[in-house]
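Input: one structure, supplied below.
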Amino acid sequence: MPRIGVYICHCGENIAGAVNVEEVRKYAEQLPEVAIARDYLFMCSDPGQELIKQDIRAGLVDRVVVAACTPRTHEPIFREAVAEAGLNKYLFEMANIRDQDSWAHWHDKEGATAKAKKLVASAVAKAAFLEPLEDRFVEVTPAALVVGGGVAGMFAALDLAGMGYQVYLVEKNPSIGGNMAKLDKTFPTNDCSACILTPVMVRVGTHPKIKLLTYSEVESVEGSFGNFKVKVRRKQTYIDWDKCTGCGDCVNACPARIPNEFNEGMDNRRAVYIEFPQAVPKKAVVDLEHCLNCGKRTIGTAPRIHSKTGKPILAPCERACKTGACDRSKAYDPEGEIIELAVGTIIVTTGYRVMDKAPFKEYSPQSPNVVTAMQLERILSATGPTAGHFERPSDKEKPKTIAFVSCVGSRDKRHHTYCSKVCCMYMLKEARLIKEKYPETDIYIFFIDVRTAGKDFEEYYNYCRNLGIKMLRGRVGGVDELPGDRLRVRAYDVDLGAPVELEADLVVLATAIEPAPGLAELGRKLGITCGSEGFLKEMHTKLYPVETPVRGVYIAGCAQGPKDIPEAVSQARAASSAAAVPLTFGKIVVEPLISEVNQRKCSGCGTCEKLCPYSAIKLVEDKGRLRSHIDEALCAGCGVCAAACPSGAITLHGFTNAQISAQIKALAS
Amino acid sequence: MSEMQAVTGVVNLSAGDPALAGEIRELGGAELLECIQCAKCAAACPMVLAGFSFFNKKVIHAILLGLREELLDDSSIWACQSCNRCTEVCPREVNPFEVVQAMRRVAIREFALPTLSVEGLKSLYDTGHAVYLAGAGNTRAKVGLPEKPPSTVASKKALQELQTIIRNSALADLGIIPMGETGVSETCEV
Amino acid sequence: MKIGFFVGCNTAFNRPDLEQAVRYALPALGVELDNLDGQSCCPSWGTLPSVDVAGWCAVGARNLALAEEKGLDIVTVCGSCYGSLAEAKYKLDHDPELKTRVNELLRNIGREYKGTSQVRLAHYYLDHELGPDRIREALKYKLDGFTIALQPGCHSLWPSKVYFDKEEDTFHPRVLKEMCEALGATVGYYTRLLDCCGMGAMRSADMEKSFHLVEKKLVSMKEEVNPDLLVTGCSSCLLQFDTAQKFLQKDKKIKFEIPVLHYMQLLALCLGADPEQVAGLAETNVRSFIDRVRKE
């Protein structure tokens, strides 16, 4: 007969504040097969664990139930303690009487105590049926995948590659660099973004351990922690990158004009284009959707032959190309190419995009002189549409008065309820760059709350105030178009207690930071989810900020939530360190809480094979009959197969039918 | 009720009424607590442009602090145009207009409403029109219309229907206007 | 085509010439009007809406039920009526509990609110159902060479979520402009187009403050457009602009006068209505404007 020990934690006041612990302990003591029931202030503390260990060593108990907080954070600790005392660590069960009881029913002490008894009884009932299990180990593929080649992804890749692991860096655009490549200067030090980013891009591009897959997207992810099989689609570039030198001759020859995404639509690029001057790799791609098919010749068809000269009539891009990289007669596969990668861990760093101005009708977005802060960033940049000349879009005049509008689409229930976190600082930065270069400019920043928490940020803010940048508390209510392409900004100045109007030459909207498009879909492929705000969810906000519920998949940068460059880089380097741990250890512990097929009971119906979300089940022929077979390395222990098996042939260890039935019975009694 | 006046002197926060916010939410200002005082509503408000002392943003703030007396001592809320520009721009979907209306509803329950509103309610009950001009028959005739529009003023049954509704509404419990079963009176004018 | 005409207090008693304009213009364009006999106040904002939600919505629902019983939509020329009725309808259609309470109140008088009729504002209704071209074809007089400034009216725009007919961009409205252009006029933009005119509760509460708003608008349109006529989409705005100017002149706040008409009056005039009947009660000098139009 099992001898179960029950240990009830007060968790300081967290549990004891709502649950009568002594009452629960007395109740537990008289439950069948309970040998001993104790309580302690903090069961996870050293003395608390020691109570359990002593009872095991003394031979008083051979099954342990801890009624405390959540197994998510504490199960490993108690299992370790049980194992140290010489007991199989799977002869341990936890009842969550904090998160699911005392916290939830704080104002109903009697109810909370009654519920705690039920939860303890249920755990005890299961404990009686616990079986010893052994951990398994799986070899790890010593390679990693980083999805997204912005500043976060680049640092994650460099760190892992620096440790000697093979890294695949997948980027959907033709070049790595991400949003940071678009910025002029970066707060709080005002270093030139290109100056600090370009060397990093070059290092990533030339690192022998980093395989760069740009213009590529993740197609599918299979396998599990330690051994992921990832299919990546390299989109068709219609240019032979082995031959392309990035000279740009084809680009200059192309007659098509398409709004340039890199310059936020403020000028045009060509149909064949190099994303930006410092692109890595510096290669051209053909945007087939916008290609004019010069001479009515679609790509993949042979050129017409000139009737007189007998020579082929080439498209301008082909004619301009000196290396033969641009050859429109080649039969390219429009689907591109699928590349299969085997990696042990994956880091997602897909970054963000800034909201467009169009939804904010009250701010007259139809005016060319109402721009987003990212557009202003491009106006200020030497590689931008004005080559760094500070001009407003409508007439190329230098703006004399500028109004910044904060929280456009952020802290907004119609768009994004969260604070985009970086806007206060980037508004100050842009204002400061302008004010330092053109001190005669009048700059007004309309804000709700100035949020400049961060090292050296408040000092930056004060510096901007000293420069004469005017700060007004009050969200802008409307922007009217005035004659002469000017704009009237209307707000209520909270500090003056009066309505204010400002005539400005340029209005800059600090539009919100949003998750990169397609993030939710990528999350689905990886098995990780987005929060209601659309960013990827970390496992634990404080303690496991770069981990996800899927082991082996990590997140960093703005894919996880809005953040500035210092924070994104820190998080990326944290993620690379976390992702390197299993690669370094070389093998990973796989909990034995997985499914097993009883071959004698299995009828070979194949129900489980179809249902398994991890493709861990195959029907295998055994003595002329089909039998279900589970790949232990792939099984994640979800239990779908065990629940569905019509013959009851599948057991999910740790959650057997006997254990679950006993729990339900205890809860229902 | 006093003339409109701004808050003067020291506001005693300790005297704030914690029940006021709940009352407002019950009376139609359900989204009150979503407000972050960003002042976008105030930037869109005609009352602010005209110089009234209380308006959407400030009414909401005062409600959250429970400043019942200060709000009741000021008649600004009765100048709200119901233009709903605040509702259109509010990024928190507070529906500030509805909060101002709810404050009027609180005020009415404390008999703090302007005479004109009492007259409007009385006229609505007596004639079916908040604005009714007894002498309008002549003007109507002058432009070629029947003396009475095809409304409650031309139909006793219709007016009785309206009065039945009003007698069963919350207004009846407040005792602000007399509610007899009358015909169209000749007295109301706004 | 048939629709229920919701007259509204101000139109019925203060500006019956506007009522007459509707009764002329819509039938002239082939729209039959139903009188919605027994209609009442919408109710206006300062009355039942300021007392409680259910009472407000019950009176609104009764007016809507009159149209529902005949299978008609409601059309009005008053922004306040439009707003009060549409907001009541929106609440009733989105709050089943409120709808039940209101229908309990209506049961006493043998009526029920179902939610089958829409509330329409006259110039939106015309734009939506007939379109500018049909209007252009029906005109007897055209406004070629005349410049108009607009006053769309707050309630024609906001809160957009409650309205059946609405602008795509409620901060840059186009319907009233296009409807005036259909009459041949040039419509000028002025930067205080969307400002409130100050009519309504504000004028009742503080005339001086209310006139401050209307003055600012008048000055803006005079300086930026210098129009021959101001056209409103709302009967309350019409009253404010038509009556405030003489006060402002007396106080030496303005030295000009801009004649004011509601769009439906202007439309009726262009369709050939008798000016005395459809615009005879204007205080501003619309007569000389009309004479100029009819002379051309």
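Every chain is numbered from 1 and lettered A, B, ... according to where its sequence line falls, protein lines coming before strand lines. What you see is a predicted model, and the numbers here were worked out from it, not measured in a lab. Hydrogens, waters and symmetry mates play no part in the numbers below; they use all other heavy atoms, side chains included.
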task: Let me know if C:Ser160 has heavy atoms under 4.5 Å from chain B in its side chain, its backbone, both or neither.
output: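 Both parts, backbone and side chain.
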task: Measure B:Ile166 against the heavy atoms of chain C and call it side chain, backbone, both or neither at under 4.5 Å.
output: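 For B:Ile166, side-chain heavy atoms alone lie under 4.5 Å from chain C.
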query: What distance separates C:Trp45 CH2 from B:Phe97 CZ, expressed to the nearest 0.5 Å?
result: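 Answer rounded to 0.5 Å: 4.5 Å.
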message: Quick check for you: to the nearest 0.5 Å, what is the distance between B:Arg105 atom CZ and C:Asp52 atom CG?
response: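 Going from CZ on B:Arg105 over to CG on C:Asp52, the span is 7.0 Å.
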query: Considering only heavy atoms, which portion of B:Met47 lies under 4.5 Å from any heavy atom of chain C: side chain, backbone, both, or neither?
result: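 Contact with chain C is through both the backbone and side chain of B:Met47.
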- prompt: Can you tell me how far the CG atom of B:Leu49 sits from the NE2 atom of C:His212, to the nearest 0.5 Å?
  reply: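 Rounded to the nearest 0.5 Å, the CG-NE2 separation comes to 7.5 Å.
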Heavy-atom pair with the smallest gap, counting every atom of C:Val53 and B:Leu27: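 In terms of heavy atoms, the two residues are closest at CG2-O, 4.3 Å.
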field: For B:Lys142 against C:Leu281, the heavy-atom pair lying closest together
entry: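 Minimum heavy-atom separation between B:Lys142 and C:Leu281: NZ-CD2, 4.0 Å.
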- prompt: Are C:Glu19 and B:Val143 side-chain neighbours, meaning at least one heavy-atom pair lies under 4.5 Å?
  reply: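 In short, these two side chains do not touch, never coming nearer than 4.5 Å.
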message: Counting heavy-atom pairs under 4.5 Å with chain C, which one of B:Ser151, B:Gly28, B:Ala158 comes out on top?
response: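 Of the options given, most contacts go to B:Ser151.
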Spacing of C:Glu87 atom CD and B:Glu98 atom CD [to the nearest 0.5 Å]: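 One finds 6.5 Å between CD of C:Glu87 and CD of B:Glu98.
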Pairwise side-chain contact, C:Asn108 with B:Glu161, heavy-atom cut-off 4.5 Å (strictly under):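 Sidechains of B:Glu161 and C:Asn108: no contact.
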query: For chain B, which of C:Gly280, C:Ala54, C:Ala279, C:Gly198 has the most heavy-atom pairs under 4.5 Å?
result: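 If we count pairs closer than 4.5 Å to chain B, C:Gly198 comes out on top.
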- request: First locate atom OH of B:Tyr132, then atom SG of C:Cys41, and finally report the distance between them rounded to the nearest 0.5 Å.
  value: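 B:Tyr132 atom OH to C:Cys41 atom SG measures 14.0 Å (nearest 0.5 Å).
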task: Would you give the length of the straight line joining atom CD1 of B:Ile165 to atom CG of C:Leu105, rounded to the nearest 0.5 angstrom?
output: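 Interatomic distance, B:Ile165 CD1 to C:Leu105 CG, rounded to 0.5 Å: 7.0 Å.
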query: In terms of heavy-atom pairs under 4.5 Å with chain B, which of C:Leu36, C:Thr47, C:Asp195 leads?
result: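 Greatest number of close heavy-atom pairs with chain B: C:Thr47.
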message: If I measure from the heavy atoms of chain B, does C:Ala205 come under 4.5 Å with its side chain, its backbone, both, or neither?
response: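 Contact with chain B: side chain only.
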query: Does the side chain of B:Val89 come within less than 4.5 Å of C:Trp158's, by heavy atoms?
result: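 No, side chains not in contact.
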query: Out of B:Gly128, B:Ser155, B:Gly137, B:Ala172, which one racks up the most heavy-atom pairs below 4.5 Å with chain C?
result: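 Top option by heavy-atom pairs under 4.5 Å: B:Gly128.
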query: Taking atom CD of B:Glu26 as the centre, does the number of heavy atoms from other residues, nucleotides or ligands within less than 6.0 Å exceed 12?
result: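 Counting neighbours around CD of B:Glu26, 12 or fewer heavy atoms of other residues, nucleotides or ligands fall under 6.0 Å, so no.
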- prompt: Considering only heavy atoms, which portion of C:Arg101 lies under 4.5 Å from any heavy atom of chain B: side chain, backbone, both, or neither?
  reply: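 The answer is neither part of C:Arg101.
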- request: Heavy-atom pairs under 4.5 Å with chain B are the metric here; pick the option from C:Val7, C:Leu194, C:Leu106, C:Val162 that has the most.
  value: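 Among the listed options, the one with the most contacts to chain B is C:Leu194.
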task: Identify which part of C:Glu276 has an atom lying under 4.5 Å from any heavy atom of chain B, answering side chain, backbone, both or neither.
output: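 The backbone, not the side chain.
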query: Between B:Leu174 and chain C, which part of the residue has a heavy atom less than 4.5 Å away: side chain, backbone, both or neither?
result: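 Just the side chain, heavy atoms under 4.5 Å.
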Structural part of B:Ile108 lying under 4.5 Å from a heavy atom of chain C: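 Looking at B:Ile108, just its side chain touches chain C.
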- request: Give the member of C:Thr11, C:Asn10, C:Asp37 that has the highest number of heavy-atom pairs under 4.5 Å with chain B.
  value: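 It is C:Asp37.
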task: Compare all side-chain heavy atoms of B:His129 with those of C:Ser40 and state whether any distance is below 4.5 angstrom.
output: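 No, their side chains stay 4.5 Å or more apart.
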query: Mind checking which of residues 58-69 of chain C sit less than 4.5 Å from chain B, heavy atom to heavy atom?
result: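 Answer by number: C:Ala58, C:Val59, C:Arg62.
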query: Among side-chain atoms of B:Thr152 and C:Gln39, is any donor-acceptor pair under 3.5 angstrom?
result: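 No - no donor-acceptor pair under 3.5 Å links their side chains.
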message: Only pairs of heavy atoms separated by less than 4.5 Å count here; which of B:Gly135, B:Ser169, B:Ala50 has the most with chain C?
response: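 If we count pairs closer than 4.5 Å to chain C, B:Ala50 comes out on top.
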- prompt: What residues of residues 30-46 of chain B sit under 4.5 Å from chain C when you count only heavy atoms?
  reply: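 Interface residues of residues 30-46 of chain B: B:Pro46.
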field: Residue among C:Ser236, C:Pro43, C:Cys154 with most heavy-atom pairs under 4.5 Å to chain B
entry: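 Max contact count across the listed options: C:Cys154.
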field: Residue part contacting chain B, namely of C:Glu208, when any heavy atom lies under 4.5 Å
entry: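 Neither part, no heavy atoms under 4.5 Å.
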- prompt: Which heavy atom in C:Gln277 sits nearest to a heavy atom in B:Gly144, and how many Å separate them?
  reply: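 Heavy atoms only, the tightest pair is NE2-CA, 3.8 Å.
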message: Can a donor-acceptor pair be found, under 3.5 Å and without considering hydrogens, that links the side chain of B:Gln101 to the backbone of C:Pro49?
response: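 Yes: the side chain of B:Gln101 pairs with the backbone of C:Pro49.
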field: Contacts of residues 80-87 of chain B with chain C (heavy atom under 4.5 Å)
entry: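 Within residues 80-87 of chain B, the residues that come under 4.5 Å of chain C (heavy atoms only) are B:Cys80, B:Gln81, B:Ser82, B:Cys83, B:Asn84, B:Arg85, B:Thr87.
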Close side-chain approach of C:Leu48 and B:Leu121, heavy atoms under 4.5 Å: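 Touching, per the 4.5 Å side-chain cut-off.
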Atom group of C:Phe5 that falls short of 4.5 Å from chain B, counting heavy atoms: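 Contact with chain B: none, neither part.
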message: Counting heavy-atom pairs under 4.5 Å with chain B, which one of C:Gly79, C:Ala201, C:Gly46 comes out on top?
response: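 Ranked by contacts with chain B, first place is C:Ala201.
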query: If every non-hydrogen atom of C:Pro16 is compared with every non-hydrogen atom of B:Leu145, which pair is closest and at what distance?
result: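 Nearest pair, atom of C:Pro16 first, then B:Leu145: O-CD1, 3.3 Å.
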field: With B:His61 via ring pair (Phe, Tyr, Trp, His ring centres under 6.0 Å) - residues at least two apart
entry: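 For B:His61 there are no ring pair (Phe, Tyr, Trp, His ring centres under 6.0 Å) partners, ignoring immediate neighbours.
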message: Which atoms of C:Arg15 are under 4.5 Å from chain B, going by heavy atoms: the side chain, the backbone, both sets, or neither?
response: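 For C:Arg15, there is no contact with chain B at all, as no heavy atom is under 4.5 Å.
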- prompt: Distance-only, no hydrogens or angles: does the B:Arg109 side chain make a donor-acceptor pair with backbone N or O of C:Val51 under 3.5 Å?
  reply: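 Answer holds: yes.
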- request: Take C:Glu104 and B:Asn168 through the test side-chain contact (heavy atoms from CB on, under 4.5 Å) and record every step on the way to the result.
  value: CA-CA 10 Å; C:Glu104 276 164 19; B:Asn168 287 296; over 6 Å; no
- request: State, yes or no, whether a side-chain contact exists between B:Pro149 and C:Phe13 at a heavy-atom distance under 4.5 Å.
  value: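 Result yes, sub-4.5 Å side-chain heavy-atom pair found.
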